[in-house]
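Since the structure comes first, as C-alpha cells, the remarks are kept for the end.
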Amino acid sequence: MYIVLMYDIMSDEKGAKVHRNVFKISKRYLTHIQMSVFEGNLSELKLFQLKQELNEHIRRDKDSLIIFKSREERWLTKEFLGIEDDKTSNFF
Amino acid sequence: MGETFYIFNNGRLKRKDNNIIVTTPDGRSKNLKSEVTDEIYIFGELDMNTKLLNFTSQQNIIIHLFNYYGFYSGSFYPRETKISGYLLVNQVKHYENLDLRIELAKEFLLSASHNIYRNLRYYNGRNGKNVDLEKSMKEIQSLRNKMKDAEDINQLMGIEGNIRKIYYSRWNDIVNQDINFNKRVKRPPDNMINSLISFINSLVYTTVLSEIYKTQLNPTISYIHQPGTKRFSLCLDIAEIFKPLIGERMIFSLLNKNQITEDDFEINSNYLYLKETGKKKILMEYDKRLMRTIKHKDLNRTVSYRHLIRLECYKIIKHISEEKRYEGFKIWW
C-alpha cells in the first residue's frame, strides 16, 4: 500500500515531546519528504504496527494525523512545483 | 517486499532513534527506514560500529559489502532465524545420494540452459542486423538433450560449459557496440563485457543470498557446485537459473541502448574497473529489473523477478522434503 502520512501536533507544553516521538516513529517506516509529511510503501501489517506505535503518543483531543492510502504507487502521480528533490530515492 | 538501499557516499552508518542513518562528513544524511529495509548495499567507505550491526541483525537486514573496485567482498548476514533441522537433514541427504543430487543439478542446469536458449531466440533476427542465431540455438538444444542423459556432475558441468561457450560466442552479434568479446575471462576480466558480467553476476548472487535468507534453506549446501568452505554455494546454483533472465538480458539492453559505454570504465585499468557513474547506472537499472513483474501462470497473479527467486527456493524446499518434484524456473513468455 502506498501511504502519505501527515500530522498536526498542537504545540503546547507537552506538544514538543509528542511531536518528537511521532517524527521518530514515522521515519522508521516512511520517508520524510516535508516538514510533517511522510510517504512510502508499507504492507498491511507494517501499517498496522505503525498505527499502533503512533496511537501511544497521539493525544486524541489535541493532535491530528492523517493517512492517505493508495493501493499502489502507480495509482498516484506526484507533481512538484519549485524545488524537485529525490528524497525517496534508494540511492545515496 | 522490503526495500533495498544502495550507498555510494563515504561517511558513517549508525543507529539513531532506533533507525539507521548514513551521514557524510559534509553534513548530508539519509534515513534508511529500518522497519521496511531488507538489504543495504555498500559501495562507499563507511564507518560503523557493533551497535549498528546488532541493530541490523535484530531487524533482519543484510548488509552486502563491495570493495573500492566494485568487487563483492562479503555480506553481514544476521543470525539465522528461520532454521529447520529437518530441512537441513534432507538437504544433506539430497547432496550425499548421487542420484538425488544429480536430479536436482540437472533440473537447475536444464532451466538455466533453457533460459539461455530463450535469450538467443529473443535476439534472433532482431537488432536490424539480421543476425542468424538459428544454428547456435540448435546446437544448444542438442546439448540440452545430452544433458538429460548425463550420468555424473562433471559430465553435466562439461555440457553446461559447452553451452555457455556457444552462447558467449554469439554475444558479438547480439551487442551493437563494437566490443571484442569472444570468451569469458575472469580474474581479472579483460574487456568491458567480461567486467560487466563479473559485476552483475555478483549482484545476482547477493540477491539470491538475500532471498535464501528469508527461507529455511541452508545456503552452504549446493548441488551443482561443490559445496566448498567459505562460501554460500547454493546461491551459485540458484543464480545459474536467473543469470540469463536478470543479468544477461540487462547487459544486452544496457549496451544496445548505449547506456553503458567505454566512458563508464577506467580505461587505464584495461576496462577492469567501473567508474562510480557506471556502477550507479547499472544498479539503478538492476533495481528496476528486480521490481519488474510478470503474470505467473500457476499462481495467477503478478510476481516480481525478485519474488521469482524466492518462489524457486520454496520449490526446492518442497522437493527436498519430498512433497513435490522440483521443476526449475523456465522463461515462458
Side-chain angles (χ1 to χ4, degrees), chain A residues 1-7 9 16-57 65 67 69-76 83-92, chain B residues 1-13 15-24 26 28-46 55-56 58-61 276-277 279-288 290-293 301-302 304 306-307:
Chain A
M1 238 181 320
Y2 209 72
I3 307 284
V4 179
L5 179 151
M6 46 185 86
Y7 54 74
I9 309 289
K17 192 172 179 185
V18 176
H19 187 277
R20 191 162 64 236
N21 286 328
V22 169
F23 179 78
K24 278 183 189 170
I25 292 166
S26 305
K27 78 175 176 187
R28 292 201 339 256
Y29 292 85
L30 301 161
T31 315
H32 182 219
I33 49 168
Q34 277 185 2
M35 291 301 273
S36 50
V37 187
F38 290 81
E39 76 169 68
N41 236 326
L42 289 184
S43 63
E44 202 86 46
L45 173 70
K46 284 286 173 196
L47 178 63
F48 182 74
Q49 285 179 3
L50 171 64
K51 284 198 280 193
Q52 290 274 305
E53 283 196 56
L54 290 171
N55 257 330
E56 287 177 24
H57 300 281
L65 189 145
I67 295 173
K69 293 185 235 179
S70 168
R71 279 256 289 287
E72 265 206 65
E73 190 172 354
R74 59 188 155 131
W75 307 127
L76 192 95
I83 305 166
E84 199 168 314
D85 54 6
D86 54 346
K87 285 187 178 136
T88 48
S89 158
N90 282 345
F91 290 78
F92 182 70
Chain B
M1 198 105 313
E3 301 206 11
T4 308
F5 284 95
Y6 303 87
I7 302 169
F8 290 89
N9 278 296
N10 300 338
R12 189 168 177 79
L13 193 65
R15 173 180 183 171
K16 196 189 169 212
D17 301 336
N18 264 343
N19 197 2
I20 303 166
I21 186 169
V22 212
T23 48
T24 58
D26 55 3
R28 289 174 307 130
S29 66
K30 187 178 179 71
N31 270 304
L32 316 178
K33 323 171 247 185
S34 67
E35 293 284 342
V36 292
T37 305
D38 273 349
E39 308 153 285
I40 304 174
Y41 283 76
I42 297 181
F43 293 91
E45 272 183 44
L46 292 175
F55 183 64
T56 54
Q58 239 176 42
Q59 298 279 339
N60 285 330
I61 298 171
E276 193 181 306
T277 53
K279 273 185 253 170
K280 251 189 200 160
K281 271 189 239 171
I282 293 172
L283 279 164
M284 282 191 176
E285 182 60 32
Y286 183 70
D287 199 51
K288 255 192 240 154
L290 286 180
M291 284 193 277
R292 261 199 200 181
T293 55
R301 61 180 166 90
T302 51
S304 66
R306 177 190 279 275
H307 196 65

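Just the heavy atoms: all of them, side chains too, but no hydrogens, waters or symmetry mates, feed the values below. Chain letters run A, B, ... following the sequence lines, proteins first, then strands; residues in each count from 1.
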For this session: Report, as yes or no, whether the 6.0 Å neighbourhood of atom NZ on B/K281 holds more than 12 heavy atoms from other residues, nucleotides or ligands.
Result: yes
Exercise. In terms of heavy-atom proximity below 4.5 Å to chain B, should A/L50 be classed as side chain, backbone, both, or neither?
Worked result: neither
Exercise. Checking heavy atoms, do the side chain of B/T4, its backbone, both or neither come under 4.5 Å from chain A?
Worked result: backbone
For this session: Sort out for me which of A/N41, A/L42, A/L30 touches chain B most, counting heavy-atom pairs under 4.5 Å.
Result: A/L30
Exercise. How far apart are the closest heavy atoms of B/V36 and A/Y29, and which atoms are they?
Worked result: CG2-O, 3.8 Å
For this session: Might you work through the side chain to side chain contact (heavy atoms under 4.5 Å, CB included) test for B/K33 and A/T31, ending with a clear yes or no?
Result: CA-CA 7 Å; B/K33 323 171 247 185; A/T31 315; 3.1 Å; yes
Exercise. Relative to chain A, which segment of B/T24 carries a heavy atom at a distance below 4.5 Å: side chain, backbone, both, or neither?
Worked result: side chain
For this session: List for me each residue that meets ring-ring contact (aromatic ring centres under 6.0 Å, His included) alongside B/F55, sequence neighbours excluded, and say none if there are none.
Result: none
Problem set entry | Flag, side chain of A/K24 to backbone of B/N18, donor-acceptor distance under 3.5 Å | no
For this session: Can you measure from CG (B/D287) to OG (A/S89) and round to the nearest 0.5 angstrom?
Result: 9.0 Å
For this session: Give, for atom OG1 of B/T37 and atom CG of A/N90, the distance between the pair rounded to the nearest 0.5 Å.
Result: 8.0 Å
Exercise. Going by the salt bridge (charged side-chain N to carboxylate O under 4.0 Å, His left out) test, which pairs reach into residues 25-34 of chain A, not counting sequence neighbours?
Worked result: A/K27-B/D17, A/R28-A/E53, A/R28-B/E35
Problem set entry | Distance-minimising heavy-atom pair for B/N9 and A/F92 | ND2-C, 3.0 Å
Exercise. Which bit of B/I20 comes within less than 4.5 Å of chain A, counting heavy atoms only: side chain, backbone, both or neither?
Worked result: neither
